[in-house]
Amino acid sequence: MKMKRTILALSTCAILSVGFIQQGSLAATSYTDQNTAVDKDTVHIMVDSQNQDELAADFFLPEATITTAEGIQLIVNAFDLNLDGIRFVKMPVTSDYFKNANNNAWYANALIIAANQGFELPADLDPNKMWTKEEFVYQLMHVMESKNALPMINVVPVKLADESELTIAYQGAIQRALALGFTKVDEKGNFNPKGEISRKESAELIQRALEYVKARTLPAQQ
């Protein structure tokens with residue numbers, strides 16, 4: 001079966017708001033290709049009911065990797081980012097921000113939102129490039145921290161066996177993600193910063209970030 005890369009072309013109003021706001025209200029989904037345990041909330045993050053027909057309904061593809069555009073769309077959905085309240089002199093198009101982007105592509109709206117809502121992305125961004133683990137973690141942490149009033153944390157840096165492979169600008173965000181338990185190193189102490197990130201791992205990172213934010217923004221109990 002030919003798998004379309006657009007399996008993560010998620011609509012702005014979908015998934016993460018469902019998995020985050022309505023947890024427990026949806027039935028668990030069974031996937032025939034799951035060779036590891038994937039909890040139902042993580043599954044809901046990755047499966048868009050509006051686009052699921054592009055893929056066999058019983059396939060989760062946990063080990064499939066994601067492109068830059070897919071990763072951006074996931075984070076946009078995760079934090080319910082939009083253009084509400086932003087006034088533009090003219091209606092923006094994706095290429096106003098990213099010269100290599102297609103204004104008619106499925107990811108166009110997500111990239112416009114990202115450019116205006118806390119992402120740090122280069123003008124020469126390639127939406128179709130496979131996203132690395134360090135890129136995903138950095139953008140996730142940057143958006144989470146810029147869009148929420150979160151407490152400062154005391155970070156004791158984790159010694160990484162492959163620290164020399166890290167992009168220097170990403171080190172702080174990665175250490176905070178490690179300190180908060182969003183991600184971890186392998187048994188040899190490697191973070192694998194330049195490795196491509198899978199659907200399952202990106203979903204788990206987002207789930208932990210959402211739980212962290214939710215736990216710190218709940219109203220005080222009377």
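Values reported hereafter were calculated over all heavy atoms of this structure, with side chains retained and with hydrogens, waters and symmetry mates removed. Numbering of residues begins at 1 and proceeds along the displayed sequence.
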Quick one: pull up CG in L111 and CG in L121 and give me the separation to the nearest 0.5 Å.
-> 7.0 Å
With sequence neighbours excluded, tell me which residues meet side-chain hydrogen bond (donor to acceptor under 3.5 Å, both in side chains) with Q139.
-> none
So how far is it from D80 CG to N82 CG, rounded to the nearest 0.5 Å?
-> 6.0 Å
Distance-only criterion, 3.5 Å: show the donor-acceptor pairs between side-chain atoms of residues 176-189 and protein atoms not counting sequence neighbours.
| residue | atom | partner | partner atom | Å |
| --- | --- | --- | --- | --- |
| R176 | NE | E145 | OE1 | 3.4 |
| R176 | NE | E145 | OE2 | 2.8 |
| R176 | NH1 | G172 | O | 3.3 |
| R176 | NH2 | E145 | OE1 | 2.9 |
| D186 | OD1 | K188 | N | 2.9 |
| D186 | OD1 | G189 | N | 3.0 |
| D186 | OD1 | N190 | N | 2.8 |

Which pairs, with at least one residue in residues 189-198 and sequence neighbours excluded, count as a salt bridge (Lys or Arg N to Asp or Glu O under 4.0 Å)?
-> E134-K194
Can I get a per-line list of side-chain donor-acceptor pairs under 3.5 Å for residues 122-129, giving both atom names and the distance, sequence neighbours left out?
| residue | atom | partner | partner atom | Å |
| --- | --- | --- | --- | --- |
| D126 | OD1 | N128 | N | 3.0 |
| K129 | NZ | E135 | OE1 | 3.0 |
| K129 | NZ | E135 | OE2 | 3.4 |

Which residue pairs pass the salt bridge (Lys or Arg N to Asp or Glu O under 4.0 Å) test with at least one member in residues 97-109, sequence neighbours excluded?
-> none
Does the side chain of F136 come within less than 4.5 Å of I66's, by heavy atoms?
-> yes
At what distance, to the nearest 0.5 angstrom, does CE of M144 lie from CG of N148?
-> 7.5 Å
Output a table of donor-acceptor pairs, distance under 3.5 Å, between side-chain atoms of residues 87-98 and any protein atom two or more places apart or on a different chain; print 'none' if there are none.
| residue | atom | partner | partner atom | Å |
| --- | --- | --- | --- | --- |
| K90 | NZ | D96 | OD2 | 3.0 |
| T94 | OG1 | A108 | O | 3.2 |
| S95 | OG | N103 | OD1 | 3.2 |
| S95 | OG | N103 | ND2 | 3.0 |
| D96 | OD2 | V93 | N | 3.0 |
| Y97 | OH | N116 | ND2 | 3.2 |

Nearest-0.5 Å distance that lies between atom CD in E70 and atom CE in M130 = 6.5 Å
Just jot down the side-chain hydrogen bond (donor to acceptor under 3.5 Å, both in side chains) partners of K147, sequence neighbours excluded, or say none.
-> Q117
Output for pair (N102 CG, N104 CG), nearest 0.5 Å, gives 5.5 Å
Report the C-alpha distance between E63 and R199 in whole Å, list the side-chain angles of each, state the deciding distance to 0.1 Å, and finish with yes or no for salt bridge (charged side-chain N to carboxylate O under 4.0 Å, His left out).
-> CA-CA 6 Å; E63 303 309 320; R199 298 184 73 206; over 6 Å; no
Less than 3.5 Å apart, which donor and acceptor atoms pair up between the side chains of residues 150-165 and the rest of the protein, not counting sequence neighbours?
| residue | atom | partner | partner atom | Å |
| --- | --- | --- | --- | --- |
| D162 | OD1 | F191 | N | 3.0 |
| D162 | OD2 | F191 | N | 3.1 |
| D162 | OD2 | N192 | N | 2.7 |

Criterion side chain to side chain contact (heavy atoms under 4.5 Å, CB included) on W131 and I72, from CA distance to verdict | CA-CA 10 Å; W131 230 4; I72 290 170; 3.8 Å; yes
State, with a plain yes or no, whether a side-chain heavy atom of I113 is found less than 4.5 Å away from one of L83.
-> yes
Where is the tightest heavy-atom contact between A78 and I206, given as atom of each residue plus distance?
-> CB-CG2, 3.7 Å
Separation between OG of S198 and CD of E204, rounded to the nearest 0.5 Å = 7.5 Å
Heavy-atom pair of closest approach, residues F79 and A209 = CZ-CB, 4.5 Å
Are any of the side-chain heavy atoms of I112 and Y107 separated by less than 4.5 Å?
-> no
In short, ring pair (Phe, Tyr, Trp, His ring centres under 6.0 Å) pairs touching residues 146-175 with sequence neighbours left out are Y138-Y170
Does any pair with a residue in residues 100-111 pass salt bridge (Lys or Arg N to Asp or Glu O under 4.0 Å), and if so which ones, sequence neighbours excluded?
-> none
Under 3.5 Å, is there a donor-acceptor pair between the side chain of H142 and the main chain of G118?
-> yes
